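From a predicted model like this one, the values you see are computed outputs, not experimental measurements.
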Amino acid sequence: MMATTFDRAQLDTGALTIKPMTPAIGAEILEIDLGAPDIAECVPDIRAALLKHGVIFFRDQDLTHEQHIAFARHFGDLEIHPATPKDQPNPEVLRIAHGPDSRGQENQWHSDVTWRECPSLGSILLAREVPECGGDTLFANMHLAYERLSEPMKRHCESLTAVHDIARVFAKRLGKAPEDLHDKYPPMRHPVIRTHPETGERVIYVNTAFTSHIEGLSASESRWLLDHLFATAADAEIQCRFRWKAGSIAFWDNRVCQHLAVSDYFPARRVMERVTVAGDKPYFAP
């Protein structure tokens with residue numbers, strides 16, 4: 001098991017041209033074509049950059065669905081989201097479109113698909129159409145959020161387990177009763193503090209979208225503690241903010257990041273396409 005004193009600065013990102021966004025999180029990778037036939041040669045360096053910065057960004061990427069999927073497969077197996085239409089030709093691509101008839105609903109801090117037994121490693125989000133202004137996405141480093149807890153609070157949270165429930169968000173969006181969703185996606189138990197499987201870092205792993213409660217606490221105790229932990233993502237000193245352009249890509253490590261899509265652009269259109277890399281079961285290593 002890797003120690004929690006992991007040093008991101010030691011990661012070798014090879015010949016990539018990298019422009020960090022903040023000291024805490026985020027970096028833009030310049031002068032690269034993710035659809036190039038030889039992109040596989042860059043994958044080890046891109047993975048290192050992802051671990052080093054938590055979320056990485058690319059500009060001017062004119063990828064087809066097939067190229068988007070092919071790039072993502074270099075990092076692992078891919079997920080199919082239950083919100084994807086069943087007759088879609090490329091089910092690995094989740095289309096997230098908002099406009100005059102659909103206000104953005106992703107404007108709360110969250111980690112993706114924590115309602116799965118094995119939540120995703122990361123998501124690769126491509127902007128197809130963006131508003132003239134607004135619609136930025138914020139990212140927060142939840143390892144740094146953990147590090148800013150007091151030592152007694154760290155120890156207490158490390159002993160706890162939280163429940164994550166798909167129905168909190170998708171029952172209404174998919175027009176289904178919670179129990180119908182639970183037949184296929186039952187609520188999942190994950191540690192409140194998870195260990196990153198590649199870096200060994202400890203990460204706050206509860207989020208406003210999908211975490212329903214903490215086991216073993218009263219309802220009021222659970223709500224108080226969750227509200228405290230949810231609020232840690234809102235610390236500006238552990239965040240970066242990304243301004244989208246058509247053809248921009250964000251690739252975030254879902255095991256250490258939370259994100260929030262700002263829904264300030266209504267009624268303008270914002271169309272994104274996401275391909276998600278499957279992950280593994282969260283655990284806490286004492």
Side-chain angles (χ1 to χ4, degrees), residues 2-63 67-76 111-112 120-128 130 135-147 196-201 203 233 235-262 272-277 279:
M2 298 184 69
T4 56
T5 54
F6 173 78
D7 184 1
R8 292 175 180 272
Q10 298 302 312
L11 284 166
D12 183 6
T13 56
L16 295 178
T17 303
I18 298 177
K19 180 181 177 181
M21 294 187 65
T22 74
I25 187 172
E28 189 170 345
I29 299 182
L30 309 175
E31 302 169 1
I32 190 169
D33 176 6
L34 301 184
D38 60 350
I39 191 62
E41 299 175 10
C42 300
V43 165
D45 296 340
I46 293 172
R47 179 181 281 274
L50 181 69
L51 293 175
K52 186 171 186 175
H53 298 285
V55 55
I56 49 179
F57 305 101
F58 309 86
R59 299 285 191 187
D60 304 318
Q61 303 296 319
D62 185 21
L63 302 185
Q67 288 173 318
H68 192 174
I69 291 167
F71 174 69
R73 285 197 193 281
H74 289 297
F75 299 89
S111 301
D112 288 331
S120 64
L121 179 155
S123 293
I124 303 172
L125 186 66
L126 169 61
R128 293 293 186 187
V130 298
D136 298 352
T137 301
L138 283 70
F139 297 87
N141 183 329
M142 299 310 293
H143 166 64
L144 293 183
Y146 163 86
E147 289 294 341
H196 192 292
E198 293 187 74
T199 69
E201 293 175 331
V203 177
D235 183 347
E237 293 186 355
I238 64 168
Q239 296 175 5
C240 69
R241 182 174 185 131
F242 187 61
R243 173 63 56 85
W244 294 94
K245 298 178 181 178
S248 297
I249 283 179
F251 181 5
W252 60 89
D253 185 339
N254 199 51
R255 304 163 297 182
V256 73
C257 289
Q258 288 192 30
H259 61 285
L260 180 155
V262 181
M272 319 294 279
E273 292 178 345
R274 190 179 91 190
V275 177
T276 302
V277 183

Geometric class of the Phe71/His74 ring pair [parallel <30°, tilted 30-60°, perpendicular >60°]: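 His74 vs Phe71 ring planes: perpendicular.
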State the [atom1]-[atom2] distance between [X] and [Y], to the nearest 0.5 angstrom.
{"X": "Glu28", "Y": "Cys240", "atom1": "CD", "atom2": "SG", "value": "11.0 Å"}
{"X": "Gln258", "Y": "Gln239", "atom1": "CD", "atom2": "CD", "value": "10.5 Å"}
{"X": "Met21", "Y": "Phe57", "atom1": "CE", "atom2": "CZ", "value": "5.0 Å"}
{"X": "Leu30", "Y": "Phe58", "atom1": "CG", "atom2": "CZ", "value": "10.0 Å"}
{"X": "Thr137", "Y": "Trp244", "atom1": "OG1", "atom2": "CH2", "value": "5.0 Å"}
{"X": "Ile18", "Y": "Thr13", "atom1": "CD1", "atom2": "OG1", "value": "3.5 Å"}

Should [X] and [Y] count as side-chain neighbours, where that means a heavy-atom distance under 4.5 Å?
{"X": "Leu63", "Y": "Ile249", "result": "yes"}
{"X": "Asp253", "Y": "His196", "result": "yes"}
{"X": "Val256", "Y": "Asn141", "result": "yes"}
{"X": "Thr276", "Y": "Asp112", "result": "no"}

Minimum heavy-atom separation for [X] and [Y], please, with both atom names.
{"X": "Leu144", "Y": "Ala24", "answer": "CD1-CB, 3.6 Å"}
{"X": "Ile238", "Y": "Ala145", "answer": "CD1-CB, 3.7 Å"}
{"X": "Glu273", "Y": "Arg128", "answer": "OE1-NE, 2.7 Å"}
{"X": "Phe75", "Y": "Leu121", "answer": "O-CD1, 4.2 Å"}
{"X": "Gln61", "Y": "Arg59", "answer": "NE2-O, 2.9 Å"}
{"X": "Leu11", "Y": "Ala48", "answer": "CD1-O, 3.6 Å"}

Before you tell me yes or no, could you show the steps for Ile39 and Ile32 under side chain to side chain contact (heavy atoms under 4.5 Å, CB included), namely the whole-Å CA-CA distance, both residues' side-chain angles and the distance that decides it to 0.1 Å? CA-CA 9 Å; Ile39 191 62; Ile32 190 169; 4.1 Å; yes
Could you tell me whether the side chains of Asn254 and Ser120 share a donor-acceptor contact shorter than 3.5 Å?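 Checked: Asn254/Ser120 side chains pair up, N/O donor to acceptor below 3.5 Å.
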Exactly one candidate in Arg255, Arg8, Met142 meets side chain to side chain contact (heavy atoms under 4.5 Å, CB included) with Glu201; the answer is Arg8
Please, which pairs that meet salt bridge (Lys or Arg N to Asp or Glu O under 4.0 Å) have at least one residue in residues 235-252, sequence neighbours excluded?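 Applying salt bridge (Lys or Arg N to Asp or Glu O under 4.0 Å) to every pair that reaches into residues 235-252, excluding sequence neighbours, yields Asp136-Arg241, Asp136-Arg243, Arg148-Asp235, Arg148-Glu237.
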Side chain of [X], backbone of [Y]: donor and acceptor closer than 3.5 Å?
{"X": "His68", "Y": "Ile124", "value": "yes"}
{"X": "His53", "Y": "Ile56", "value": "no"}
{"X": "Ser123", "Y": "Leu125", "value": "no"}

